[in-house]
Amino acid sequence: MRLNFDEAVDLLLNDQVVAIPTETVYGLAGKLSSEKAVQEIFKLKNRSAHNPLIIHVSSLEMIKPFADSYPGGFEQLVKAFWPGPLTLIFPIIESLVPEAARANLPHAAFRFPNHQITQALIEKTGPLVAPSANLSGTPSPTLPRHVERDFGEDFPVFDGGQCKRGLESTILIFLDGRWKIGRLGVLTPEVFIPHLGYLPESVLTLKDRPPCPGQLYRHYAPKTRLYLQSEFNEATFIVGFSDRSYSVDSLSFGNSDDPERVAQNFYNTLRELDERGIEEAWIDIDFPRLGLWTTIRERLEKAAGFY
Ligand code: TXA
Ligand code: MG
């Protein structure tokens, strides 16, 4: 069910869960202050209670009450990247963020999405928790119909068309006196150097107890079995690039010179494999190991079940 602005505000203010657009992916939103909505989000997604939720705000003012002070570099990051696809995790006054939303951790995640109509929505509702609006494990949603595919045609969706960036926000977490990469995303680690004075190190490698618990779970995966390759002798179906030709049926992420467009199409392409009922697909991974491609490669490796 597609909602207009007033209907979306109304449902959210009445403790309901609504899918909302952001510049990265659609979020499954509920009011932070609504225990009912927070519980419903975990239930709908079939999400582990150990996997906390990002709090979405529409101004810097909105996060001020949550902490007595902010980590070094916070202001520079906010000035440079908010609103935008950057999530910041830092210690908060615990009594102000419901335990369920932060999975009992002593810190919370905040994001100020760069999406005008969603900002206007949050102005009306107050802070919203919102994980990606997909069933846990499936490819993230970048179009309203992806949300409807996972949660049914009647599920309330505030339609904002296709998400511009197409991959999730980059997560920085403040640990041991430094900002570290908790999840790769649309902002690449190098972009933070001028603002922090250092390259944030990755904490993705702490496999058994990652600081962002979501890294533990299977992610982004279609039902199709994926083989990440750059040779296709045995391939029966290929997902590759529009500027390359393949000898069997194929789908394209976009042009191999245009990683931004590939990112935007990424999840829709993975979902199309399932829509077409394709059992096995060979993914062309002959692309650079830098910039946004690094995030795209990481998403593919997770989707293929490497880790
Ligand atoms: O682009 C995005 O970030 C999208 C849109 C909707 O904003 N949201 C999103 O949420 O990707 P989700 O729930 O799919 O992923 C959030 C990640 C998870 O890995 C979770 O464990 C981590 O953020 N996270 C959230 N709150 C945290 C906290 N307090 N401490 C550590 N990790 C946290
Ligand atoms: Mg997600």
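Everything numeric here is computed off the predicted structure, so don't read it as measured data. Order of listing sets the numbers, starting from 1, for every ligand and every atom in it.
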In terms of residue, atom name and distance, what is the protein heavy atom nearest to [atom]?
atom                    : result
atom 28 (C) of ligand 1 : Pro52 CG, 3.5 Å
atom 3 (O) of ligand 1  : Ser169 OG, 2.6 Å
atom 7 (O) of ligand 1  : His56 NE2, 2.6 Å
atom 11 (O) of ligand 1 : Arg183 NH1, 2.9 Å
atom 14 (O) of ligand 1 : Ser132 OG, 3.0 Å
atom 20 (C) of ligand 1 : Asn51 OD1, 3.2 Å
atom 13 (O) of ligand 1 : Arg47 NH2, 2.9 Å
atom 29 (N) of ligand 1 : His107 O, 3.0 Å

N/O to N/O below 3.5 Å, does that happen between [X] and ligand 1?
X      : result
Thr24  : yes
Glu168 : no
Gly214 : yes
Arg102 : no
Thr22  : no

Exercise for the section: Taking Arg297 for its side chain and Leu290 for its backbone only, find out whether a donor-acceptor pair lies under 3.5 Å. Expected result: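 No, the answer is negative, given that no donor and acceptor are paired below the 3.5 Å cut-off.
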Verify the distance criterion only: is there a donor paired with an acceptor across the side chains of [X] and [Y] at less than 3.5 Å?
X      : Y      : value
Asp286 : Ser230 : no
Tyr70  : Glu75  : no
Asn46  : Ser136 : no
Arg165 : Thr142 : no
Glu168 : Tyr267 : yes
Asn134 : His146 : no

Handout entry: OG-CD distance between Ser252 and Glu272, expressed to the nearest 0.5 angstrom
Key =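 Nearest 0.5 Å value for the OG-CD distance: 10.0 Å.
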List ligand 1 atoms under 4.0 Å from [X], heavy atoms only on the residue side.
X      : value
Cys212 : 21 (O), 31 (C), 32 (N)
Pro211 : 31 (C), 32 (N)
Ile171 : 17 (C), 23 (O)
Pro131 : 10 (O), 12 (P), 13 (O)
Ala109 : 25 (C), 26 (N), 27 (C), 29 (N)

Practice task
Kindly confirm or rule out a cation-pi arrangement of Arg178 over Tyr198, judged by NZ or CZ under 6.0 Å from the six-membered ring centre and within 45° of its axis?
Solution key: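 Yes.
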Handout entry: Centroid separation Phe81 to Phe192 less than 6.0 Å
Key =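 That pair passes the under 6.0 Å test.
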Exercise for the section: Tell me whether the centres of the aromatic rings in Phe287 and Trp293 are closer together than 6.0 Å. Expected result: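 Yes; Trp293 has its ring centre under 6.0 Å from that of Phe287.
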Practice task
Could you tell me whether Ala108 approaches ligand 1 through its side chain, its backbone, both or neither, with non-hydrogen atoms closer than 4.0 Å?
Solution key: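 Within the 4.0 Å criterion, Ala108 contacts ligand 1 through backbone atoms alone.
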Exercise for the section: Select one of side chain, backbone, both or neither to describe which atoms of Leu53 lie under 4.0 Å from any atom of ligand 1, heavy atoms only. Expected result: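 Just the backbone.
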Practice task
Report yes or no: does Ser132 have an N/O/S atom closer than 2.8 Å to the Mg ion (ligand 2)?
Solution key: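 Within the cut-off used here (under 2.8 Å), Ser132 does place an N, O or S atom near the Mg ion (ligand 2).
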Handout entry: Identified side-chain contact (heavy atoms from CB on, under 4.5 Å) partner of Phe241 from the options Asp284, Asp257, Asp258
Key =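 Result: among Asp284, Asp257, Asp258, Asp284 is the only option passing the side-chain contact (heavy atoms from CB on, under 4.5 Å) with Phe241.
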Handout entry: Residue among Val248, Val239, Thr236 satisfying side-chain contact (heavy atoms from CB on, under 4.5 Å) with Trp282
Key =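 Among Val248, Val239, Thr236, the one meeting side-chain contact (heavy atoms from CB on, under 4.5 Å) with Trp282 is Thr236.
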